[in-house]
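I have placed the structure first, in the form of structure tokens, so that the comments after it can refer back to it.
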Amino acid sequence: MPSGEYDPDAVEPRWQRRWVDEETYAYPDDDPVDPNTVFSIDTPPPTVSGSLHMGHLYGFTLQDFVARFERMNGGTTFFPFGYDDNGIASERLTEDELDIRHQDFERREFQAKCREVCADYEEQFTENVQALGVSVDWDHTYQTIEPRVQRVSQLSFVDLYDQGREYREKAPAIWCPECETAISQVETEDDEQDSHFHDIAFPVVRDEATGANGGDAAAEAADTADEAAETFTISTTRPELLPACVAVFVHPDDEENQQLVGESAEVPLFGHEVPIIADERVDMETGSGIVMCCTFGDQNDIEWYQVHDLDLRVAIDESGHMTAVAEEYEGLHSGEAREAIVADLDEAGALEERRAITHTVNVHERCGTSVEFLVTEQWYIQMLDKTDEYLDIGREMEWSPEKMFTRYEHWVEGLQWDWLISRQRSSGIPFPVWYCAECDEEIVAEKTDLPVDPLSDDPPVDACPACGHDEFVPEDDVLDTWATSSLTPLINAGWDWDAEAEEFTMEHPELYRFDLRPQGHDIISFWLFHTLVKCYEHTDEVPFEETMINGHVLDENREKMSKSVGNVVEPEAVLEEFPVDATRYWAAGTAVGDDFPFKEKDLRAGEKLIRKLWNASKLVESLAPEPFPAEPDDGDLRELDRWLLAELDSEIDRLTDLLENREFSKARDGLRSFFWNTFCDDYLEIAKQRDDDAAAYTLRTAHRRFLKLFAPLLAHVTEELWHDMYADAVEPNDAAGGATDSIHLTDWPEPLGVDADRDAGAAATAVVGVIRKYKSENQLPLNAELDAVEVYADVRGFEADITGVMHVADLTVHPDADAPVETVITGIDLDYATVGPKYGDQVGDIEAALAQDDYEIDGDELHVAGVTLLADEFSIEKTRQYRGDGELLEADDVVVIVNNDA
RNA sequence: GGGUUGGUAGUCUAGUCCGGUUAUGACACCUCCUUGACAUGGAGGAGGCCGGCGGUUCAAAUCCGCCCCAACCCA
């Protein structure tokens, strides 16, 4: 039985431990689960190398609201947890922690070290997440590097390869010279950087034959007169790419420079000649409007290379150093080469101007290094041919909130590259592929052998099936980490290859498709998208019924939290000061999808609500001590009791809808005010006067329901109260009926269907409210005795309640009689919804006439401004005047007269 | 540069899709009150040109156009 003050510091960790120890939220692996009622959640696994931040706290808490609600309201819930330790983040962490370099180890050896290092971090992370009280099933966890997941990941590769969805191609790819690996489009970001624009003079080389072909006298004159001196200017931020220059482009609408088209240009310092070509992709606004095309400066260069069949002149190598093409600059780093080339251009008189600018460059998001475009051999997953289908499967999901679908839509529509999945790194999940040393035939591992590492394992064949050669080269690239993290639904469902049946199977087919995928809005474009694509290709099914997109946590001033600004709020500090349930209250405080600020006020409000719930529970306990009646005779319930239970029924309906729609903020605020205002302030205050079975039953029934309704939100305090007050008793509606069951495993309340005169209840509470206000305004204590009160409203059945709580000595109810008051008409209110459309612009005249009291009331009708308004088109505004003894109080439809001599 | 979302009392927020004349609630603020749990409580009060300008309409926080500010996504 609850007593004293609520002590979250003691209570919350106790329940967190018990939930884990007793496996409260375990998914029943062995018992069959009804696929129609199971609720399965697939969460994006966090990187464990960092510590818990507010974004985690917020995200996990939202997931937990859904998990706890669905568990009570629906059926069995599957809520797993994953650790993403297959990536460069954990690779770097391991290197730092052990002071080693991954290059010095064999791949499997290094990965073993990674897992050792990550294990400690995972343990810490697990503790932190368990301290949030989220109802994860800790028996269902996975690491994205573990062998089982490696197998799933390689199976995925092999399946897509078999389907013909993957190909290996030597083509321009985005390359990070610092990390020395290819990367995909999503791993780059824009960075504002200081740079210089260099205006460089390019000499025109007139080809005699073509020059004469122009047949134009003026051109010929220019040709002969200025041949040596004729130059044009190219502006570039990357002069180190001069040796890679393969063409010069002019816009077809650029009349001024049109005469250059068809000629050749000589590249300064390097002396090779390149064609001058017209193409509408030239940006005429930038620099001189004439641009050079290099191998490769940007994506435009790649398009030009492909469309115009240009030469390949690779001047920068995989580590960012100059190649032999750069002649005397060979071996210099591209940055050094830039300075040297600029100096030499200047000396040669070819540098016309150099000015400082800032521009955006594409950098690798991990290391901030500007990316290059290199021609390398890489593996790709084909996507561009199916973007329409991928749009459709995105549309098939339910999006909470709906508006987030447009992000997905724009991302898919804007795709420019197939998905590059090979990475030149030494840790990660290996490609299960070898190549014939003779003919380069691709040899893919057998599904039954997976996982394999070609660096340590042998290929599945002794001789090349194409040419019979018996030597093989292992693929030493690893898979992009998203190639694995995009498989979490399949990992969770236990997807595998059944060699005997020769088909893919699932250990838990009932989980797939998953009911919910929660995640932040920042990863829609890659993580969610890639997951949809891969799971769809493997199963022909959209992997998720619904996706719930949460926003980002901002600081108190709505600024983005950042370490450099110093406005980062640490969960640890918050949890030291506030109960976990208070952070849960805060997390429910905004519409899902919106970014929202950290608000200490919300945490305090949460604390207050927890305390109110605790204190009200104590009062319920003392007003209706055990044993309380489980099922009183229906006729015994008083009007007030029926009214409360009926109101609670509607609240349950409303709340259930809101939670189903993931409208946590409205759910939270609605339930809070119903509990606080209607139950505590109205019903409980009145019930203090009561000492009967009906009241005891009503108090306990309502209270038990409130605990359940609050349980998804305030997980700890409701569990504590449930065990204090109810866990010993048998839950009549709970089939499990376990005496020690968690409240979180009980059934969500169904409406009781109690009949009640809702209007009478509303009138009665209005009467109480108006009397309370009278006392307040007259500075009377709320328990001050009132001599006589007359009520002109039908509050029959509530008399004792009103007299009891308001301490009225003599209450008279006039259910039908009009109040003994004079009414004075003070004006006319129009019903604009009817009058507006009906009378249109005559409304102005009607209003003007009403303002001047120029109207006539005729029975139910109103004559004004030449028109006749019907009864339902207007209402008469009156004030009541009372000339008798006592004081007139009124609210809504009730009139109360108080006579008090005191 | 393009797109998306948001801008409502001091602060946070509901309402905007589907227009209706008194714009919701909380926190903070002011006044009063010890009701059988809670003063960390209760009753009341004040506080708003609904980002700006224009348009549509009898009527606009709500629909349309332009602009400003912020965040995010994509170049």
Side-chain angles (χ1 to χ4, degrees), chain A residues 2-6 185-186 188-190 283 285 298-299 360 362 401-411 413-416 520-526 551-552 554 556-560 586 589-591 593-623 663 665-666 668-670 672-673 676-677 680-681 684-691 769-784 804-807 829-847:
Chain A
S3 63
E5 286 194 11
Y6 179 58
Q185 198 182 348
V186 294
T188 66
E189 60 186 18
D190 296 335
D283 177 11
E285 308 299 315
D298 58 25
Q299 211 159 326
T360 44
N362 248 332
E402 225 172 304
K403 65 189 177 192
M404 286 294 172
F405 174 67
T406 48
R407 289 211 188 187
Y408 179 88
E409 198 173 20
H410 285 123
W411 169 257
E413 283 170 352
L415 274 180
Q416 287 173 312
H521 61 51
D522 53 333
I523 59 175
I524 292 173
S525 51
F526 51 107
H552 281 171
L554 308 173
E556 297 247 47
N557 303 313
R558 291 203 138 262
E559 305 284 336
K560 199 174 163 177
W586 160 77
T590 201
D594 289 357
D595 287 347
F596 86 119
F598 173 77
K599 287 181 275 187
E600 209 174 303
K601 283 165 193 162
D602 252 26
L603 290 164
R604 276 198 288 268
E607 245 184 328
K608 281 170 65 172
L609 177 61
I610 295 164
R611 200 177 298 121
K612 188 77 178 178
L613 185 57
W614 181 262
N615 288 324
S617 301
K618 283 200 292 187
L619 182 60
V620 167
E621 180 88 39
S622 71
L623 290 175
E663 296 185 85
S665 179
K666 289 178 191 171
R668 178 193 84 165
D669 293 343
R672 179 190 176 278
S673 46
W676 203 304
N677 302 326
C680 294
D681 294 341
L684 264 182
E685 287 305 330
I686 297 174
K688 283 175 181 174
Q689 320 301 322
R690 302 266 298 270
D691 183 21
V770 97
I771 298 173
R772 207 152 41 192
K773 184 171 176 178
Y774 165 84
K775 288 186 173 178
S776 177
E777 280 171 353
N778 290 284
Q779 305 190 5
L780 293 168
L782 280 171
N783 60 354
V805 70
M806 283 294 113
H807 301 268
D829 281 336
L830 294 176
D831 177 22
Y832 284 92
T834 319
V835 174
K838 187 167 173 184
Y839 291 99
D841 50 16
Q842 289 179 72
V843 169
D845 299 338
I846 297 172
E847 282 173 333

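Atoms considered below: every heavy atom in the structure, side chains included; atoms not considered: hydrogens, waters and symmetry mates.
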Protein-to-nucleotide contact annotation, 5' to 3' order, nucleotides 69-75 of chain B [B base; S sugar-phosphate only; - none; under 4.0 Å, heavy atom]: --SSSSB
At under 4.0 Å between heavy atoms, how does the protein contact nucleotides 19-31 of chain B? Give one character per nucleotide, 5' to 3', with B, S or -. -BB----SS----
Read 5' to 3' with Watson-Crick or G-U pairs under 3.5 Å, [ ] for crossing pairs and | for partners on another strand, RNA chain B gives ((((((((.[[[..)....(....]]].(((((.......))))).....[[[[[..)....]]]]]))))))).
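Residues passing the salt bridge (Lys or Arg N to Asp or Glu O under 4.0 Å) test with A:Arg407: none are found, sequence neighbours excluded. With sequence neighbours excluded, the residues satisfying side chain to side chain donor-acceptor pair (under 3.5 Å) with A:Glu685 are A:Lys688. For the side chain to side chain donor-acceptor pair (under 3.5 Å) test, residues two or more places apart in sequence or in another chain that qualify with A:Asp595 are A:His521. A search for ring pair (Phe, Tyr, Trp, His ring centres under 6.0 Å) contacts involving A:Phe596 returns A:Tyr58, A:Trp586, not counting sequence neighbours. Under the rule for a side chain to side chain donor-acceptor pair (under 3.5 Å), A:Gln689 has no partner lying at least two apart in sequence or in another chain. Partners of A:Glu663 according to the salt bridge (Lys or Arg N to Asp or Glu O under 4.0 Å) rule, which considers only residues two or more places apart in sequence or in another chain, are A:Lys666. Applying the side chain to side chain donor-acceptor pair (under 3.5 Å) rule to A:Lys403 yields the partners A:Asp594; only residues at least two apart in sequence or on another chain are considered.
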Considering only nitrogen or oxygen atoms on both sides, find all protein atoms under 3.5 Å from nucleotides 48-50 of chain B and state each distance.
none

Tell me which donor-acceptor pairs under 3.5 Å the side chains of residues 830-839 of chain A have, and how far apart each pair is, sequence neighbours excluded?
| residue | atom | partner | partner atom | Å |
| --- | --- | --- | --- | --- |
| A:Asp831 | OD2 | A:Thr834 | OG1 | 2.6 |
| A:Tyr832 | OH | A:Glu847 | OE2 | 2.4 |
| A:Lys838 | NZ | A:Glu873 | OE2 | 2.7 |
| A:Tyr839 | OH | A:Thr868 | O | 3.2 |

